[in-house]
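Worksheet for the structure shown next.
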Amino acid sequence: MTVCEAPGKVYLFGEHAVVYGEPAVPAAIERRATVTAEPREDDHVRVEAEDLSLDGFTVEYAGGTGDRPDVDVPTPLVEAAMGYVDAAVEQAREAADAPDAGFDITVESDIPLGAGLGSSAAVVVAGIDAATRALGEPLDRRELADRAYQAEFEVQDGQASRADTFCSTMGGAVRVEGDDCEPIDAPNLPFVVGFDGGAGDTGELVAGVGELREEYRFAADTVESIGDLVRTGEELLADAAADAEPSPALLAELGELMDFNHGLLAALGVSARSLDAMVWAARDAGAHGAKLTGAGGGGCIVALDESDATETALSFTQGCEEAFRAELATEGVRVVEP
Ligand SMILES: Nc1ncnc2c1ncn2[C@@H]1O[C@H](COP(=O)(O)OP(=O)(O)OP(=O)(O)O)[C@@H](O)[C@H]1O
Ligand SMILES: C[C@@](O)(CCO)CC(=O)[O-]
Ligand SMILES: [Mg+2]
């Protein structure tokens, strides 16, 4: 039995635009998905994923080829929900050159689903790592990140960046621009997350931005503007790389860029009333800046605040279900010793 756990992430800047080749800077956070993989004698895949909830259902299922869950939920919904686990198993089979390998897989996660904290990437990264190790064919981190990206790319119908999967694999803060992925030095930033209890579908939201970008010049320009602000943010981070703690000036400047980034994402149609409400509650509470994180549509915002004010204000904000401080996860995917 092999157990691996991989972190979720917040985006300091650059989600959505990163799908079109602009740079982005996500940072891994200490909320993890844990995947257990146990090879089977046959070629079946049995999946236990108790956190999986579909529009108000919670399902527990035993999956596998041609052996779908015994629950009263329309099959397409279940297929959609299971897509990332299935894709991870396929990547592991291919990597280990074991097309008929069967597994008992268990997924447990403290990353809310579809909420912008990269639950899909964490499940895919931990899943491929656990399954390849269980077959005695561990991958190096670059290959693991690459295969995890291929899995997200397939499930998201060819529209995905390498950002979430690379960040979850490596941990820390990373910079992704097209195929170019590198860890970067960043000071320990005081992230506060607000979660509205809801979710957005990454594939759909990404497709929506793609259509807008085709149809309207302003949307294409907005994507490029996000790229410009990310480059500015990166320079600030690079200048502060040697500092253990971020200076007040750095926090103020990064926060301002986060505010700009939220406005540009809203222009692309991926914010939501609850996300805007949480962003404004954070700003009113004195956060240096606040923005939605991830695909949007519902889910989480991330703010910068070293004091407790933002977390407290969010916990009293209508529409915010949970507020918490998110610590940087300096370590990416790792094996959990039984
Ligand atoms: N604990 C889990 N068990 C099984 N599948 C999960 C789990 N967590 C996430 N997933 C898969 O990931 C999907 C959510 O991925 P999606 O990309 O839409 O959101 P996200 O990754 O949480 O947010 P974002 O991509 O915006 O950061 C779920 O529908 C499910 O298929
Ligand atoms: C919206 C997006 O940019 C981030 C989702 O966390 C999609 C992607 O990069 O694949
Ligand atoms: Mg995702």
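Note that ligands are numbered from 1 as they come in the structure, with each ligand's atoms numbered from 1 the same way.
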N/O separation below 3.5 Å, A295 to ligand 1: yes

Counting heavy atoms not belonging to E30, are there more than 12 under 6.0 Å from its CD? yes

In this structure, does ligand 2 have an atom that sits under 4.0 Å from one of the heavy atoms of E152? no

Part of A160 within contact of ligand 2 (heavy atoms, under 4.0 Å): both

A33 near ligand 1 by a heavy-atom separation under 4.0 Å: no

Under 3.5 Å between some N or O of ligand 1 and some N or O of E152? no

Would you mind running through ligand 1 and noting each atom that sits below 4.0 Å from a heavy atom of S109? 1 (N)

Heavy-atom closest pair (P7 atom, I29 atom, distance to 0.1 Å) is CB-O, 3.4 Å

Geometric cation-pi criterion R46 and F103, 6.0 Å radius, 45° cone: no

Under the ring-ring contact (aromatic ring centres under 6.0 Å, His included) test, residues paired with Y149 that sit two or more places apart: F153

Would you indicate which of G294, G8, G116 comes nearest to atom 23 (O) of ligand 1 when only heavy atoms are counted? G116

Look only at the side chain of D196 and the backbone of G299, and say whether a donor-acceptor pair between them is shorter than 3.5 Å. yes

Any idea which part of T202 is under 4.0 Å from ligand 1, heavy-atom wise: side chain, backbone, both or neither? both

Give a yes or no on whether a salt bridge exists between R217 and D221, defined as a side-chain N under 4.0 angstrom from a carboxylate O. yes

What protein heavy atom lies closest to atom 10 (O) of ligand 2? Include the residue and the distance to one decimal. S161 N, 2.9 Å

Check ligand 1 against G200 and write out every atom of the ligand that is under 4.0 Å from a heavy-atom position of the residue. 18 (O)

Check each of V206, V19, D164 against atom 6 (O) of ligand 2 and report the one with the nearest heavy atom. D164

Contacting atoms of ligand 1, where contact means under 4.0 angstrom from a heavy atom of D164: 25 (O), 27 (O)

Taking 4.0 angstrom as the limit and counting only heavy atoms of G114, give me the atoms of ligand 1 inside it, by number and element. 14 (C), 19 (O), 20 (P), 22 (O)

Would you say K9 contacts ligand 2, with heavy atoms under 4.0 Å as the rule? yes

Just checking Q318: does its CD atom have more than 12 heavy atoms from other residues, nucleotides or ligands closer to it than 6.0 angstrom? no

How far apart are the C-alpha atoms of T202 and Q156, what are their side-chain angles, what is the distance that settles it, and do they pass the side-chain hydrogen bond (donor to acceptor under 3.5 Å, both in side chains) test? CA-CA 7 Å; T202 301; Q156 290 168 208; 5.0 Å; no

Identify, by atom number and element, the atoms of ligand 1 in contact range of A49, meaning under 4.0 Å from any of its heavy atoms. 3 (N), 4 (C)

Metal site the Mg ion (ligand 3): N/O/S of S120 inside 2.8 Å: yes

Decide whether an N or O pair under 3.5 Å exists between G118 and ligand 1. yes

Around atom CG of D97, are there more than 12 heavy atoms of other residues, nucleotides or ligands at under 6.0 Å? no

Taking only heavy atoms of A115 into account, list the atoms of ligand 1 that are under 4.0 Å away from them. 22 (O), 23 (O)

If we ignore hydrogens and angles and just use 3.5 Å, is the side chain of D259 paired with the main-chain N or O of A290 as donor and acceptor? yes

Polar-atom distance check: S119 versus ligand 1, any N or O pair below 3.5 Å? yes

Considering both backbone and side-chain atoms of S120, is one of its nitrogen or oxygen atoms within less than 3.5 Å of a nitrogen or oxygen in ligand 1? yes

Identify the heavy atoms of I105 and V35 that sit nearest to each other, and give their distance. CG2-CG1, 3.8 Å

Quick check: closest heavy atoms across I226 and G14, and the distance to 0.1 Å? CG2-CA, 3.9 Å

Across all chains, not counting sequence neighbours, the ring-ring contact (aromatic ring centres under 6.0 Å, His included) partners of F218 are Y216

Identify, for atom 4 (C) of ligand 2, the protein heavy atom at the shortest distance, and state residue, atom and that distance. Y11 OH, 3.6 Å

Residues R325, D305: salt bridge by 4.0 Å N-O rule: no

Pull out every atom of ligand 2 sitting under 4.0 Å from any heavy atom of E15, numbered as shown with elements. 3 (O)

Give the atoms of ligand 1, by number and element, whose distance to some non-hydrogen atom of V107 is under 4.0 Å. 1 (N), 2 (C), 3 (N)

Side chain, backbone, both or neither: which applies to K9 and ligand 1 if a contact is any heavy-atom pair less than 4.0 Å apart? side chain

